[in-house]
Every structure is written in C-alpha cells, then in structure tokens.
**Q** 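Take this structure, written in structure tokens, and hold onto it; I'll ask about it next.
Keep in mind that this is a model prediction, so the values were computed, not measured. All values below were derived from every heavy atom in this structure, side-chain atoms included, with hydrogens, water molecules and symmetry-related copies excluded. Every chain is numbered from 1 and lettered A, B, ... according to where its sequence line falls, protein lines coming before strand lines.
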Protein chains: 2
Amino acid sequence: MPARSIKSPPTIKTPVVIDHSSPEIDRLRLVGMTRGYVGGQEVFGEGERANNVYSVISGAVRSFRVLADGRRQILDFYLPGDMFGVEIGPDHGAGAESVDDVVLLVARRLLVADDGDGAMTRRLLRLAKDDLRRSHDHVLTLGRRTACERVASFLNDLAARLERPRSLDLPMGRQDIADYLGLTIETVSRTFTRFQTIGLIQMHGRRTVELSRPNALSALCA
Amino acid sequence: MPARSIKSPPTIKTPVVIDHSSPEIDRLRLVGMTRGYVGGQEVFGEGERANNVYSVISGAVRSFRVLADGRRQILDFYLPGDMFGVEIGPDHGAGAESVDDVVLLVARRLLVADDGDGAMTRRLLRLAKDDLRRSHDHVLTLGRRTACERVASFLNDLAARLERPRSLDLPMGRQDIADYLGLTIETVSRTFTRFQTIGLIQMHGRRTVELSRPNALSALCA
DNA sequence: CGGGCGATTGAATTACATCAAATTTCGTGG
DNA sequence: CCACGAAATTTGATGTAATTCAATCGCCCG
C-alpha cells in the first residue's frame with residue numbers, strides 16, 4: 001500500500017458538537033475538533049496508541065490490517081455518521097486511512113469513556129455489536145461466496161447504507177474494493193464489466209454506478 | 001449440515017453460579033441452570049428470539065450462518081469459559097450448535113442486561129470487542145491467506161486459546177474446520193497430511209495433534 | 001490537449017474445488 | 001478382547017474460478 005502524493009492537507013481545526021443519530025433509537029453526542037484529510041492519508045496506524053475516537057462528517061475511511069509481506073485486508077469502510085477508533089485496550093487493532101477527501105470529528109478518548117451513568121457505555125456496546133454483525137457478514141462473504149456474489153453483495157450493502165439510491169458514487173477505487181472482498185483488482189474489474197454487459201449496472205465514469213436492476217443484483221448475493 | 005442420530009440428550013438441570021474470569025481484569029458472574037448437549041445439537045437457531053445467554057462449562061460450541069443453498073460458514077468456536085448468545089436486538093444473528101458433548105450454563109437474558117450500575121454493560125462491551133477482534137482476524141485470514149496459512153493459523157490460534165499445550169485435542173471434525181476456514185474438507189485434510197509429512201505436526205488418532213515444531217507453524221501464518 | 005494513473009482486457013498459470021474411490025477410525029456388540 | 005460396520009477421513013484424478021503477468025485503454029487533471 002503505496003506512498004501517495006499528498007496534496008496540501010487541509011487541516012482545519014474548529015470546535016464542533018455533533019449529534020450522531022444511531023439507527024433508530026439512540027443519539028450519540030460527541031464533542032471535539034474537526035480535522036480534514038486528503039485521499040490516502042493515515043488517520044492512525046495499527047498498533048498505535050488509541051488516544052482519540054473519530055466520527056466521519058464527510059468522505060469515507062477504510063480500516064485495514066496488513067500481513068508481513070504486504071498483503072492488505074480492508075476490514076470496514078466508514079461513511080458519514082459512522083464512529084470508529086473506539087478501543088478497550090491501549091491501542092488500535094487496525095490502521096485507518098482516508099479513502100478520499102474526508103472531514104472527521106476527533107474527540108478525546110477520555111471524554112467518551114466516562115460519563116457517570118452507563119448511557120455512553122450502552123451506546124458503545126450497541127456500536128460494537130453493529131460492527132460485529134457487519135464483520136460476521138464479511139466473514140460469510142469471504143468464506144463462502146464467489147467473486148460474483150461478493151461484488152454483488154458489496155454494491156448491495158453500500159446501496160443499503162446510502163439509503164438505496166438508484167445511483168451510487170463509489171468513494172473507493174477498484175483496489176480498495178478488491179482488498180475488501182479478498183479478490184484481485186482484475187477480478188473486480190472483470191466482474192463490473194460482466195455486470196454491465198448483463199445489464200445489471202451501468203457505469204458513468206469510473207466511480208458512479210447506476211443500479212439498473214437492483215432486485216436481480218440482490219438475488220445474485222445468494 | 002446433516003441431521004444426526006441423537007443419543008439420549010443428557011439434559012440435566014441444576015442451579016449453578018459461575019465465575020468467569022475474563023482475561024486479566026474482570027470477572028463475569030452469571031446465574032442460571034446447566035444444560036447438557038450431545039454432539040451436533042442446536043443451541044439456538046439463526047433468527048430465533050434471544051431469550052437466554054450462554055456460557056460454556058465443558059465441550060465446544062460453533063456459531064454459524066448458512067446461505068440459501070446450504071453453504072455454511074462457521075463464525076466462531078466457543079470453548080470452556082466463553083460466553084455467547086448475547087444480543088442487542090431481539091434475536092440471534094447466527095445459529096449455535098454443540099460440536100461435541102457440551103455442558104452449558106444458561107442464564108436468562110434479563111438477568112444479564114440490567115444491573116443498576118453499568119458494571120455488567122462494561123463487561124459486555126469488553127466481550128463484544130474481544131469477539132470483534134477475533135472476527136477481524138478471521139476476515140484477514142479468509143480474505144488474504146492461502147489454505148496452508150489458514151490451517152496453520154487455525155492450529156496456532158487454537159493452541160493459544162488452550163494455553164499452548166504441546167498437544168491439542170481438536171473438539172471439531174474436518175468439515176467444521178473447513179467451514180471455519182472457508183475451504184473444503186479435502187483441502188483441510190491434504191494440508192494436515194502435508195504438515196505431518198513436513199514434520200510440523202504429528203497426528204495421534206484423528207483428533208489429537210501434536211505440535212512438533214510450534215515456531216515453524218507460527219512462521220507459516222505469514 | 002496531452003500525460004499519467006487507474007482501470008480494463010487478454011493469455012497463461014495455479015491453487016483450490018469437485019468428483020470418485022479407498023482407507024482408517026472408533027463405537028458397538030459378540 | 002476382538003471383529004464388524006458405519007461414518008469420517010484420506011487419497012487420487014480431473015476441472016475450473018480466480019490469480020498472475022503483461023499490455024492497452026481511457027478518464028480526469030493540469
């Protein structure tokens with residue numbers, strides 16, 4: 001995972017208070033500063049001390065682990081409204097980088113951990129369980145689905161998280177998708193073109209995917 | 001995922017109190033009844049209402065999800081001292097079955113959820129984060145490791161959880177290992193024999209693995 | 001209007017799956 | 001204690017989905 005040419009890092013610092021509406025029920029109030037990142041910047045490294053927690057205001061973040069020889073596995077993508085970087089132990093179990101241009105809310109870890117009553121802890125528990133559920137889905141996909149099914153699932157899930165727009169804007173490149181799905185960039189590319197040939201999707205440029213037949217796509221997920 | 005001949009289900013019910021020492025720091029006190037299972041019995045099904053939580057007293061439990069066409073992915077194995085089946089939502093996101101003969105502690109969900117102060121919630125948070133960490137390891141393994149590396153990781157991890165005995169007793173059969181590692185039973189079998197040929201391991205019967213060269217095995221995990 | 005990087009396409013290779021026996025293990029009953 | 005039989009595992013032959021290697025294409029930015 002290559003060094004990239006870094007544009008001027010637009011590191012704005014402004015005090016901010018944000019209400020994150022966790023799906024359905026809870027609201028998570030976080031107090032901190034915003035910070036801006038250009039694409040491909042490190043937010044924190046694997047094994048780094050976990051002093052802050054983060055919440056995506058705009059853009060997308062990837063969390064990942066790497067093997068000694070450089071093979072990379074993306075564990076999750078975080079989208080606007082998602083919180084990440086919360087740890088129980090002293091340091092981060094995975095690295096995190098901006099996928100594209102990103103603005104994050106950065107809060108001190110201590111401000112989150114302690115709040116007298118257990119309200120915050122309960123929210124964090126809910127959050128952790130959501131992450132676990134997604135990770136289990138991911139395990140199922142990597143362990144038992146074909147390349148074709150993986151890509152279909154990916155588009156499907158992304159569309160679901162973005163509230164099912166007919167057309168979605170991929171924040172990440174093909175390599176990121178490959179590293180998330182446990183495939184190579186070539187296989188991902190081929191699968192996209194096959195989907196397009198079959199009429200499942202329609203690409204406009206390389207980042208915009210129009211889901212022509214969303215039901216057929218879901219059906220492909222097996 | 002065959003129906004199995006069920007021996008007389010030794011369903012003993014005895015009131016029990018158990019202290020689970022969570023690694024290092026916390027202790028989790030659970031009050032409930034014990035229940036016995038023979039190999040291959042359902043503890044709960046995917047989508048079933050989550051009325052109880054469970055803790056392994058002896059034996060091993062597998063949690064899993066299945067695709068519509070029957071492909072199965074094992075998400076985790078639970079060993080003595082492990083707690084499982086805790087949910088935030090109303091029902092279980094995965095099925096759970098006994099791997100071999102098992103005794104579980106079964107506690108009512110309500111007894112766990114509420115305890116005035118947030119002590120229990122904090123323990124559950126720690127537990128969820130542990131599960132998440134393991135699931136992330138699993139994603140890395142399924143997404144980016146070869147069959148050989150997967151089997152090595154599996155033996156390695158199992159040995160670590162069993163406090164690194166020189167010789168370990170596999171509670172699960174080859175099919176379970178395959179369904180955990182996203183492989184076929186044949187590939188798992190071939191890999192075991194190759195490891196044995198190379199002198200990495202020595203099998204005694206089909207369940208006992210002697211780790212002849214544990215360091216070489218760890219090195220194989222990449 | 002180039003130029004460069006990301007993406008696509010093609011050909012050859014391979015790791016793992018599939019299909020099909022043969023063999024071993026281990027519980028059971030004699 | 002030993003023989004039997006079903007089930008689990010191993011082994012072998014073959015097939016194939018996905019990877020690897022190698023150009024080429026085309027989108028997007030300056």
Side-chain angles (χ1 to χ4, degrees), chain A residues 1-8 38-40 69-73 99-101 141-152 169-179 181-197 201-209 220 222, chain B residues 1-8 38-40 69-73 99-101 141-152 169-179 181-197 201-209 220 222:
Chain A
M1 272 313 77
R4 298 178 53 146
S5 60
I6 304 280
K7 292 186 292 187
S8 54
V38 298
D69 65 358
R71 280 174 287 175
R72 181 181 72 157
Q73 178 63 46
V99 168
D100 52 1
D101 289 357
T141 295
L142 295 182
R144 287 304 180 210
R145 284 201 244 248
T146 64
C148 184
E149 292 165 346
R150 293 184 203 193
V151 174
D169 233 327
L170 303 177
M172 68 292 285
R174 298 291 184 272
Q175 186 62 62
D176 279 349
I177 299 177
D179 285 350
L181 294 178
L183 300 170
T184 60
I185 186 175
E186 292 95 332
T187 299
V188 170
S189 179
R190 280 184 240 275
T191 307
F192 269 83
T193 51
R194 194 184 325 158
F195 281 2
Q196 189 156 359
T197 310
I201 64 173
Q202 179 66 48
M203 300 295 307
H204 299 106
R206 44 190 180 191
R207 318 230 98 163
T208 310
V209 188
L220 255 194
Chain B
M1 268 303 72
R4 295 179 54 147
S5 59
I6 304 281
K7 291 186 291 189
S8 53
V38 298
D69 65 358
R71 280 173 287 174
R72 180 180 73 156
Q73 177 63 47
V99 169
D100 52 0
D101 289 358
T141 294
L142 296 181
R144 287 301 180 213
R145 284 202 243 247
T146 65
C148 184
E149 292 165 346
R150 292 183 204 193
V151 174
D169 233 326
L170 304 178
M172 69 293 284
R174 298 291 184 272
Q175 186 63 61
D176 280 348
I177 299 177
D179 285 350
L181 294 178
L183 300 170
T184 60
I185 186 175
E186 292 95 333
T187 298
V188 171
S189 179
R190 279 184 241 274
T191 306
F192 269 83
T193 51
R194 194 183 326 157
F195 281 1
Q196 189 155 359
T197 310
I201 63 173
Q202 179 66 47
M203 299 294 307
H204 300 105
R206 45 190 181 192
R207 319 230 98 162
T208 310
V209 188
L220 255 195

**Q** Can you list every stem that DNA chain C is part of, counting only runs of 3 or more consecutive Watson-Crick or G-U wobble pairs with both distances under 3.5 Å?
**A** C:1-30 with D:1-30
**Q** What residues form a salt bridge (Lys or Arg N to Asp or Glu O under 4.0 Å) with A/Arg144, not counting sequence neighbours?
**A**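 Testing A/Arg144 for salt bridge (Lys or Arg N to Asp or Glu O under 4.0 Å), a comparison that skips the adjacent residues, returns B/Asp179.
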**Q** In whole Å, I'd like the distance from the CG atom of A/Asp100 to the C1' atom of C/dG6.
**A**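 Computing the A/Asp100:CG to C/dG6:C1' distance gives 15 Å.
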**Q** Quick one: the side chain of A/Glu186 and the base of D/dC21, do they pair up donor-acceptor inside 3.5 Å?
**A** yes
**Q** Reckon B/Thr187 has a side-chain N or O less than 4.0 Å from the OP1 or OP2 of C/dA17?
**A**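 B/Thr187 to C/dA17 OP1/OP2: side-chain N or O found under 4.0 Å.
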**Q** B/Arg190 side chain N/O closer than 4.0 Å to the phosphate oxygens (OP1, OP2) of D/dT11?
**A**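 B/Arg190 to D/dT11 OP1/OP2: no side-chain N or O under 4.0 Å.
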**Q** For the pair made of CG in A/Leu170 and C1' in D/dC27, what is the distance, rounded to whole Å?
**A**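 To the nearest whole Å, that distance equals 15 Å.
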**Q** Among the nucleotides D/dT20, C/dA7, C/dC16, which one has an atom lying closest to any side-chain atom of B/Thr146?
**A** C/dC16
**Q** Using whole Å, what does the distance between atom C1' of nucleotide D/dT9 and atom NE2 of B/His204 come to?
**A** 17 Å
**Q** In whole Å, what is the span from the CE atom of B/Met172 to the P atom of D/dT9?
**A**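 Going from CE in B/Met172 over to P in D/dT9 covers 12 Å.
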**Q** Mind checking B/Thr193 for me? I need base, sugar-phosphate or nothing, with any heavy atom below 4.0 Å counting as a touch.
**A** sugar-phosphate
**Q** Under the side-chain hydrogen bond (donor to acceptor under 3.5 Å, both in side chains) rule, collect the residues that match up with B/Thr193, sequence neighbours excluded.
**A**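 Per chain and number, B/Thr193 pairs via side-chain hydrogen bond (donor to acceptor under 3.5 Å, both in side chains) with no residue.
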**Q** For the pair B/Asp100 (side chain) and B/Gly39 (backbone), establish whether a donor and an acceptor sit closer than 3.5 Å, ignoring hydrogens and angles.
**A**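 Between the backbone of B/Gly39 and the side chain of B/Asp100 there is no qualifying donor-acceptor contact (under 3.5 Å).
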**Q** When you measure from the side chain of A/Asp69 to the backbone N and O of A/Arg71, does any donor-acceptor pair fall under 3.5 Å?
**A**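 Side chain of A/Asp69 to backbone of A/Arg71: a pair is present.
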**Q** Please report the C-alpha distance between A/Leu220 and A/Phe195 in whole Å, then the side-chain angles of each, then the deciding distance to 0.1 Å, and finally whether the side-chain contact (heavy atoms from CB on, under 4.5 Å) criterion is met.
**A** CA-CA 11 Å; A/Leu220 255 194; A/Phe195 281 2; 3.6 Å; yes
**Q** Using heavy-atom distances to pick each residue's nearest nucleotide on DNA chain D, tell me which of B/Val188 and A/Gly182 is more 5'.
**A** B/Val188
**Q** Let me know the distance between CD of B/Gln175 and C1' of C/dT18, rounded to the nearest Å.
**A** 13 Å
**Q** In whole Å, I'd like the distance from the CD1 atom of A/Ile185 to the C1' atom of D/dA22.
**A**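 Checked: the CD1 to C1' distance equals 14 Å.
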**Q** Between C1' on C/dT25 and CZ on B/Phe192, what's the gap in Å once rounded to a whole number?
**A**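 Rounded to whole Å, this separation is 16 Å.
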**Q** Is a side-chain N or O of B/Arg207 found less than 3.5 angstrom from the main chain of B/Met172, in a donor-acceptor match?
**A** yes
**Q** Considering heavy-atom distances to DNA chain C, does A/Arg144 or A/Gly173 have its closest nucleotide positioned more toward the 5' end?
**A** A/Gly173
**Q** Using modelled atom types and a 3.5 Å cut-off, is there a donor and acceptor pairing between side-chain atoms of A/Arg145 and backbone atoms of A/Arg150?
**A**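 Checking the backbone N and O of A/Arg150 against the side chain of A/Arg145, no donor-acceptor pair under 3.5 Å is found.
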**Q** If I take atom CZ in residue B/Arg207 and atom C1' in nucleotide D/dA7, what distance separates them, rounded to the nearest angstrom?
**A**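 Nearest whole value for this atom pair: 12 Å.
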**Q** Side chain of A/Arg206, heavy atoms from C-beta onward: which of D/dT20, C/dT25, D/dG26 has the nearest atom to it?
**A**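 Given the options D/dT20, C/dT25, D/dG26, the side chain of A/Arg206 is closest to D/dG26.
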